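Every chain is numbered from 1 and lettered A, B, ... according to where its sequence line falls, protein lines coming before strand lines. If you're wondering where the values come from, they're calculated on a predicted model, not measured in any experiment.
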Amino acid sequence: MKLNEYKKKHDQGVLKEEEWEQMAQQLLNAKFDKELGAEWEKKLQAKGVYRTPPIQGSRSLRTVNIRQYLSVAAVFLLIAAGTWFMFFRSPLSPTQQLASSHLEQPFRMNSGNTRGDDSIEKNRGMALEAFSNRQYEKSLNYLQKVESEGQAKASDYFQMGLCLMYQVKPDYQNALKMYDLATASDAMAYQDEIHWFSALCQLMLGQNQAAKSNLEKVIASKSSRNQLDAQKILDALL
Amino acid sequence: MPTAIDNNKNFGLTQTQFDEMTEQLQQGDETLFETLFLSRFEACMGILMRKYRASHPDAYDCVMWAMLRMRQLMMENKVAFGNLEAYVVRMSVNKYLKQVERNREFPTEIMPEGITDSNEELELESLETLDSAWSKMGQKCQDLLKAFYYDKIELKRLTEILGDSSEASTRKRKERCLNELRRLFFESVH
């Protein structure tokens, strides 16, 4: 049915509740599918998957060849420079470099239960919003307000740990404390993630034995999403 | 005797991991679903392009549609563990074949219910009208309607999330929001 037909029925008062609900359901599905699709499109782009394939230019073969050679040469130079920088100039060990690469991909916090009018829930909501915008210092401030009210839960401590890890000047030592507090608050919540992130913090602090123990827990956990990455780091540690 | 199922057919998931992922998805955590399904996106596109000669953008659109439907089906517990990869490919292919209006019909008997493209009938104008009406609604109503109609969260759970006194009160609130959307929607139709 066309939109103006629905409108006519609505205006005449004969559009049934069920008809409208069905229509609303379809419209909401389409609206949010579109939004989610756009979000996934960005994520796919980050993986190099695009809707439109790369356009083949109509330049002459010779121009293309020269440009291709130059591009290949530039890539080799970049790789060589990168390798030299990583292995001869970086103060980080190879395992720390691996850990660091994981720390550059922020964890996506679940929006969870942040609805509510009281100040605690508002602070949690603001903290989540700041976290999503990668404003980790700001997010930490809001969560510290929740903590100062004695209302912090495992999820708050966990998020504070993440903020301390991701902020401009990472504080891995205190991040580990936050993960301990999260575990103390609820021994079951976020355990896979806590083992994983604790291991990353410990690697950055050079506490390799402690990191190894946490990595082994990640590998042993069936529900962990980081088993393969943990195994790679553990292999590099041994 | 339990049947061994090839995990590769299920995006590398075991039955337990699949159940956990479904539960996470139903609780609003889409991280694992996205990681797994988007990692197979290109492979599914490849099948459409190689076997069905779909163009790159067509393959992309059809796989995207299938992934969105798969998410919805999992949230509604309408898809079972078995051969998830084949489900997604089959949905993409079916969508593609319908799109190009070929006479060749793909068998649909093994597909779960509710994956027909009901949105095809929707006009662009309706979506624009919805956007306009939606922007005039309050945040609480937006959250409630999205959670119920799109994220498929049951009223019982919504009552807990919203801190309502009873399921009946949440239902009442949802009805009020839906009526508000109806009023704003038809006011926005020119």
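Within the 3.5 Å criterion, the main-chain N or O of Leu128(A) finds a donor-acceptor partner in the side chain of Ser132(A).
The side-chain contact (heavy atoms from CB on, under 4.5 Å) with Leu36(A) is formed by just one residue from the set Met67(B), Glu34(B), Met64(B); it is Glu34(B).
Of the listed residues (Asn179(B), Asp151(B), Asp58(B), Leu181(B)), the one with the most heavy-atom contacts under 4.5 Å to chain A is Leu181(B). Counting heavy-atom pairs closer than 4.5 Å to chain A, the top-ranked of the candidates Trp134(B), Phe37(B), Phe148(B) is Trp134(B). When each of Gln17(B), Arg182(B), Met45(B) is scored by its heavy-atom pairs under 4.5 Å with chain A, the top score falls to Arg182(B). Among the candidates Asp61(B), Thr129(B), Leu145(B), the residue making the largest number of heavy-atom pairs closer than 4.5 Å to chain A is Asp61(B).
Within the cation-pi definition used here (under 6.0 Å to the ring centroid, within 45° of the axis), Lys146(B) qualifies as a partner of Phe32(A).
Both the backbone and the side chain of Phe186(B) come within contact range of chain A, with heavy atoms under 4.5 Å apart. Using a 4.5 Å cut-off between heavy atoms, Lys31(A) contacts chain B through both its backbone and its side chain. For a residue to count as touching a neighbouring chain, one of its non-hydrogen atoms must lie under 4.5 Å from one of that chain's; by this rule Glu39(A) touches chain B with the side chain only. Contacts of Leu130(B) with chain A are made by side-chain atoms alone, with heavy-atom separations under 4.5 Å and no backbone atom involved.
Taking the ring centroids of Tyr136(A) and Tyr166(A), they lie under the 6.0 Å cut-off.
Phe197(A) is linked by a ring pair (Phe, Tyr, Trp, His ring centres under 6.0 Å) to Phe107(A), counting only residues two or more places apart in sequence or in another chain. Scored by the ring pair (Phe, Tyr, Trp, His ring centres under 6.0 Å) test, Phe185(B) finds Trp20(A) as partners (sequence neighbours excluded).
Contacts classified as disulfide (SG to SG under 2.5 Å) and involving residues 130-190 of chain B (residues at least two apart or in different chains) are given here: Cys141(B)-Cys177(B).
The pair Lys7(A)-Glu187(B) does not count as a salt bridge, with every side-chain nitrogen at least 4.0 angstrom from each carboxylate oxygen. No salt bridge links Glu167(B) with Lys156(B); every basic N to acidic carboxylate O contact stays at or beyond 4.0 Å. With respect to Arg51(A) and Glu41(A), no salt bridge is recorded, no charged nitrogen being found less than 4.0 Å from a carboxylate O.
Scanning residues 213-223 of chain A against chain B with a 4.5 Å heavy-atom cutoff picks out Lys222(A), Ser223(A), ordered by number.
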